[in-house]
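A short worksheet on the structure shown next.
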Amino acid sequence: MTKEPLSDATREKLMQVSVATLATALFKRGLRNQVIQDVRPVAPKGRNMVGPAFTLRYMPAREDRNRLEEFRNPDHPQRKAIEICPPGAVLVMDSRKDARAASAGDILITRLMVRGGAGVVTDGGFRDAAVIGELDIPAYHTRPSSPTNLTLHEAIDIDVPIGCGDVAVFPGDIVVGDADSVIVIPANLADEVADEAVEMTAYEDFVAEQVKAGATIIGLYPATKDENLEKFALWRKEKGR
């Protein structure tokens, strides 16, 4: 699959919108299964995570292949993924939705952060999660997990299509995380989805103000009355939105 570059303009738009809004924009395009299930921020960062996916795939570990000595191998896929994940990318790990053993720990995630990674996602768990939560890099997992990955997971492949939390993730897909969850946007749709999400967010902000002021949602959300669209146009002009 061809990787589409993520423009600075699209990245900035995706930094300003919610995963919920993006999910609705993708739903309109027939894509209903793009939110990675059962992952959440290790700790909130107050900003979105945005970047193209760089992937790592785990498979079930076999004891004779996953001894501690494996970490001495400079080409060990887990270590190598940390060292070659491009700056600005999000490392997405297929850990088979199994948090009984860790996908990575704080030292590796610190290295990813120092190298310029935009974030990290696993459908398993992180060890040293409290320390990872204090790092500046956005990180998402299911729960803390102390056992080393070798206990149950063998890192087997890098930068290939994977499944993460029941979502298909192709290298180069655009990954967005907020305070709630993580969504995967097909790379070829990123620009148009970002544009639509910005428009949707503006209207949703307007609606929130109206509802807090006592307005009914009927005819307002969704906008089925022209008078509400006229109010929205004035609101946008006043707000510079």
Practice item. State yes or no: do Met93 and Ile107 share one hydrophobic cluster built from I, L, V, M, F, W and Y residues joined by side-chain heavy-atom distances below 4.5 Å, directly or via other members? Key: no
Exercise for review: Give a yes or no answer on whether the side chain of Asp123 reaches the backbone of Gly165 with a donor-acceptor pair at less than 3.5 Å.
Suggested key: yes
Practice item. Dump the intermediate steps for side-chain contact (heavy atoms from CB on, under 4.5 Å) on Val193 and Asp191, then the final yes or no. Key: CA-CA 6 Å; Val193 166; Asp191 293 344; over 6 Å; no
Practice item. Before accepting this row, confirm whether a basic side-chain N of the pair Arg65/Glu70 lies closer than 4.0 Å to the acidic partner's carboxylate O. Key: no
Review point. Relative to each other, are the rings of Trp235 and Phe232 parallel, tilted or perpendicular (30° and 60° limits)?
Key: parallel
Practice item. State whether the side chain of Arg11 and the backbone N or O of Val50 hold a donor-acceptor pair below 3.5 Å, judged by distance alone. Key: yes
**Study point:** Considering all heavy atoms, the nearest Gly172-Pro52 contact
**Key:** O-CB, 4.0 Å
Point to revise | Name of the residue among Asn48, Thr24, Val35, Val182 meeting side-chain contact (heavy atoms from CB on, under 4.5 Å) with Val19 | key: Val35
Review point. Do Met49 and Val42 share a hydrophobic cluster, counting only Ile, Leu, Val, Met, Phe, Trp and Tyr and linking them when any side-chain heavy atoms are less than 4.5 Å apart?
Key: no
Review point. Is there a side-chain contact between Pro161 and Pro171, using heavy atoms and a 4.5 Å cut-off?
Key: yes
Check your understanding: Hey, are Lys239 and Glu209 close enough for a salt bridge, meaning a charged N less than 4.0 Å from a carboxylate O?
Key -> yes
Exercise for review: Only one of Thr122, Val169, Leu56 passes side-chain contact (heavy atoms from CB on, under 4.5 Å) with Cys164; say which it is.
Suggested key: Val169
Practice item. State whether the side chain of Thr151 and the backbone N or O of Thr148 hold a donor-acceptor pair below 3.5 Å, judged by distance alone. Key: yes
Check your understanding: For Tyr140, what residues pass the ring pair (Phe, Tyr, Trp, His ring centres under 6.0 Å) criterion, not counting sequence neighbours?
Key -> none
Review point. Phe71: what forms a ring pair (Phe, Tyr, Trp, His ring centres under 6.0 Å) with it, not counting sequence neighbours?
Key: His76
Review point. Among the clusters formed by ILVMFWY side chains lying less than 4.5 Å apart, do Leu6 and Met15 turn up in the same one?
Key: yes
Review point. How many angstroms lie between CD1 in Ile183 and CG in Asn33, if you round to the nearest 0.5 Å?
Key: 10.0 Å
Exercise for review: Might you point out which heavy atoms bring Gln34 and Pro186 nearest each other, and give the distance in Å?
Suggested key: NE2-CD, 4.1 Å
**Study point:** Salt-bridge criterion met for Asp136 and Arg47 (N-O under 4.0 Å)
**Key:** yes
Practice item. Check step by step if side-chain contact (heavy atoms from CB on, under 4.5 Å) holds for Lys80 and Ile158. Key: CA-CA 8 Å; Lys80 189 173 180 179; Ile158 297 172; 3.9 Å; yes
Check your understanding: Between Asp205 and Ala208, is there a donor-acceptor pair closer than 3.5 Å when you use the side chain of the first and the backbone of the second?
Key -> no
Review point. Which value, rounded to the nearest 0.5 Å, describes the distance between Glu134 atom CD and Asp128 atom CG?
Key: 11.0 Å
Review point. Parallel, tilted or perpendicular: which fits the ring planes of His153 and Tyr58, with parallel below 30° and perpendicular above 60°?
Key: tilted
**Study point:** Check: Arg241 main-chain N/O paired with Arg236 side-chain donor or acceptor under 3.5 Å
**Key:** yes
Review point. Is Leu26 linked to Val175 within one hydrophobic cluster, defined over Ile, Leu, Val, Met, Phe, Trp and Tyr using a side-chain heavy-atom separation of less than 4.5 Å?
Key: no
Point to revise | Distance (rounded to the nearest 0.5 Å) between Asn73 CG and Gln78 CD | key: 12.0 Å
Review point. Are Asp166 and Lys97 ion-paired here, with the side-chain N under 4.0 Å from a carboxylate O?
Key: yes
Practice item. For residues Arg96 and Pro60, determine if any side-chain heavy atom of one lies less than 4.5 Å from a side-chain heavy atom of the other. Key: yes
Practice item. Evaluate the criterion side-chain contact (heavy atoms from CB on, under 4.5 Å) for residue pair Leu22 and Ile185; output intermediate values, then yes/no. Key: CA-CA 8 Å; Leu22 291 168; Ile185 306 171; 4.1 Å; yes
Review point. Under 3.5 Å, side chain of Asp173 to main-chain N/O of Phe170, donor-acceptor pair present?
Key: yes
Check your understanding: Pro77 and Asp157: which non-hydrogen atoms are nearest, and at how many Å?
Key -> CB-N, 4.5 Å
**Study point:** side-chain contact (heavy atoms from CB on, under 4.5 Å), paired with Phe54, selected from Val90, Asp159, Leu112
**Key:** Asp159
Check your understanding: Is Leu135 close to Ile109 at the side-chain level, that is, under 4.5 Å between some pair of heavy atoms?
Key -> yes
Check your understanding: Side chains of Arg127 and Asp106: closer than 4.5 Å at any heavy-atom pair?
Key -> no
Exercise for review: Output, in order, the C-alpha distance, side-chain angles, deciding distance and verdict of side chain to side chain donor-acceptor pair (under 3.5 Å) for Thr21 and Glu204.
Suggested key: CA-CA 9 Å; Thr21 297; Glu204 289 165 358; 3.0 Å; yes
Revision key, fill the gap. Of all heavy-atom pairs linking Ile137 and Gly119, the shortest is CG1-CA, 3.7 Å
**Study point:** Connected via hydrophobic side-chain network under 4.5 Å: Ile162 and Val121
**Key:** yes
Review point. Quick one: do Lys13 and Glu199 make a salt bridge, cutoff under 4.0 Å?
Key: no
Review point. CD of Glu83 to CZ of Arg111: how many Å apart, nearest 0.5 Å?
Key: 4.0 Å
Exercise for review: Could you tell me whether the side chain of Lys45 and the main chain of Gly133 form a donor-acceptor pair under 3.5 Å?
Suggested key: yes
Study note, to complete from the structure: In short, Ser95 meets Ser103 closest at the heavy-atom pair OG-OG, 2.7 Å
Exercise for review: To the nearest 0.5 angstrom, please state how far the CD1 atom of Ile132 sits from the CG atom of Leu108.
Suggested key: 9.0 Å
Practice item. Compare every heavy atom of Ala194 with every heavy atom of Leu14, then report the nearest pair and how far apart it is. Key: CD2-CB, 3.7 Å
Exercise for review: First locate atom CG of Asn228, then atom CD of Gln210, and finally report the distance between them rounded to the nearest 0.5 Å.
Suggested key: 7.0 Å
Exercise for review: In sequence, state the C-alpha distance, the side-chain angles, and the governing distance for Phe206 and Leu220, and then conclude on side-chain contact (heavy atoms from CB on, under 4.5 Å).
Suggested key: CA-CA 10 Å; Phe206 162 73; Leu220 174 65; 3.8 Å; yes
Exercise for review: Say whether, by atom type as modelled, one donor and one acceptor occur between the side chain of Arg40 and the main chain of Thr142 under 3.5 angstrom.
Suggested key: yes
